[in-house]
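In what follows, every heavy atom counts, from backbone to side chain, and hydrogens, waters and symmetry copies are set aside. Lettering follows sequence order; numbering is per chain, from 1.
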Amino acid sequence: MARKHWLMKSEPDTYSFQDLVHDGRTHWEGVRNYQARNLMRSMAVGDLVLFYHSQMKPPGVVGIAEVVKEAYDDFTAQDPKSPYFDAKATPDNPRWSMVDLAPVRPLESMVSLADLKDNPKLESMAVVRKGQRLSVQPVTAEEYQEVLVMAACGGEQDAE
DNA sequence: GCCAACGTTGGC
DNA sequence: GCCAACGTTGGC
């Protein structure tokens, strides 16, 4: 079965790629959007993730991660002490899901949002489309490969 | 800090 | 079930 590819956003102040490298593995708790949740539920172990830092100057893809556990209940939704607490989540209806991620490697160089927008091959990527705020996005194999090429080329590349 | 985009909530 | 109000995301 072919690996699928994804892009997942994180604010580095909350959880950065360096944090993931340091931890070795993490659960991706706190997603409180149904579309993003449903995408996580369709992930499989071994799927590859472009790790995107939002709220940065500049924002962009900084590393590659891998799904190491498929979707299960996000228990932080039922923890009143958690910042992600959701009163509507119960043991009968846990409502939210999360996956586990492990780092694969950082990119040789960051591929910024501006770089992604400048590449015509990536014009249909969700992350470059105006107003697309979804924190979990599907990425095609071609788009994924193109981002890796850009990272290897220093994040700057001219279209032929 | 501003504001556009978009999801969610809640009154009706 | 519609839709206006509101809250959040996230680039700039």
With a 4.0 Å cut-off, would you call A:D47 and A:K4 a salt bridge? yes
Polar pairs (N or O, both sides) under 3.5 Å between protein and nucleotides 7-9 of chain C?
from: C:dT8; atom 1: O2; to: A:R133; atom 2: NH1; distance (Å): 2.4

Using whole Å, report how far CZ of A:R129 lies from C1' of C:dG10. 16 Å
Measure from CD on A:Q132 to P on B:dC6 and round the result to the nearest Å. 7 Å
I'd like to check A:L116 versus A:V111 (side-chain heavy atoms, cut-off strictly below 4.5 Å). Are they in contact? yes
Quick check on side-chain contact (heavy atoms from CB on, under 4.5 Å): which of A:R41, A:M40, A:H27 does A:Y72 satisfy it with? A:H27
Validation row, ring centre A:F51 to ring centre A:W28 under 6.0 Å: yes
A:Y34-A:W96 aromatic ring centre distance below 6.0 Å: yes
